Amino acid sequence: MSGLTNEQVVLTPVVSEKSYSGIAEGRYTFKVHPAAHKTQVRRAVEELFGVHVERVNIVKVQSKPKRRGLFKGTRPGWKKAIVQVREGETIEIFEGAQV
């Protein structure tokens with residue numbers, strides 16, 4: 001197991017329409033460390049936010065080619081985790097942005 005701390009595993013919450021639509025069902029989306037696996041994400045979310053995690057899905061977001069004029073490049077790929085928490089529990093950092 002790698003020596004990542006909980007703060008290094010969960011980097012930031014993902015702010016998008018699709019991620020906020022899952023909050024009603026108790027699904028929260030986070031950007032996670034590229035080397036993190038499901039067990040580390042589960043433990044980190046439970047300890048950082050004080051909730052009980054039922055399920056973790058990991059998705060690798062592929063890098064995208066981008067172009068601006070003559071300059072070509074790629075946007076970096078990243079890893080995200082979709083975390084299902086126990087019914088009735090919430091994570092406070094997402095609550096302020098709900099509509």
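All values reported here derive from a predicted model rather than from experimental measurement. The figures that follow rest on heavy atoms only: side chains count, while hydrogens, waters and symmetry mates do not. Residue numbers count from 1 along this sequence.
Heavy atoms from other residues, nucleotides or ligands lying under 6.0 Å from CD of Glu7 number more than 12.
Under the 4.5 Å side-chain heavy-atom criterion for Ile, Leu, Val, Met, Phe, Trp and Tyr, Val15 and Ile82 are members of distinct hydrophobic clusters. Placement of Val14 and Val61 within a single hydrophobic cluster is found when ILVMFWY residues are connected by side-chain heavy-atom separations under 4.5 Å, directly or transitively. The hydrophobic clustering, which links ILVMFWY residues whose side-chain heavy atoms are closer than 4.5 Å, places Ile58 and Val83 together. Cluster annotation: Val56 is not connected to Leu11 through the hydrophobic network of ILVMFWY side chains, with a link wherever side-chain heavy atoms come within less than 4.5 Å.
Looking at Ile91 and Val45, their side chains come closer than 4.5 Å, going by heavy atoms from C-beta outward. Side-chain contact between Val9 and Val41: present, with at least one pair of heavy atoms (C-beta onward) separated by less than 4.5 Å.
For the atom pair Gln40 CD and Asn6 CG, the distance stands at 9.0 Å (nearest 0.5 Å). Summarising the geometry, atom CD belonging to Gln84 is positioned 6.0 Å from atom CZ belonging to Arg27; distances are rounded to the nearest 0.5 Å. Note: Tyr28 OH to Ile23 CD1 = 6.0 Å, rounded to the nearest 0.5 Å. His33 contributes atom NE2, which lies 9.5 Å from atom NZ of Lys79 (distance to the nearest 0.5 angstrom). Rounded to the nearest 0.5 angstrom, Glu54 CD and Arg42 CZ are separated by 9.0 Å. Separating the CZ atom in Phe30 from the CG atom in Leu48 is a distance of 8.5 Å, to the nearest 0.5 Å.
The two atoms that bring Val85 and Glu89 nearest to each other are CG2-O, 3.5 Å, heavy atoms only. Taking each heavy atom of Val51 and Glu46 in turn, the nearest pair found is O-CG, 3.2 Å. The shortest non-hydrogen separation linking Ala81 to Val32 is CB-CG1, 3.8 Å. Scanning both residues, Lys18 and Ser21, for their nearest heavy atoms gives O-OG, 2.7 Å. The two residues Ser63 and Pro76 come nearest to each other via the heavy atoms CB-C, 4.0 Å.
Side-chain atoms of Arg67 come within 3.5 Å of backbone N or O of Gly69 as a donor-acceptor pair.
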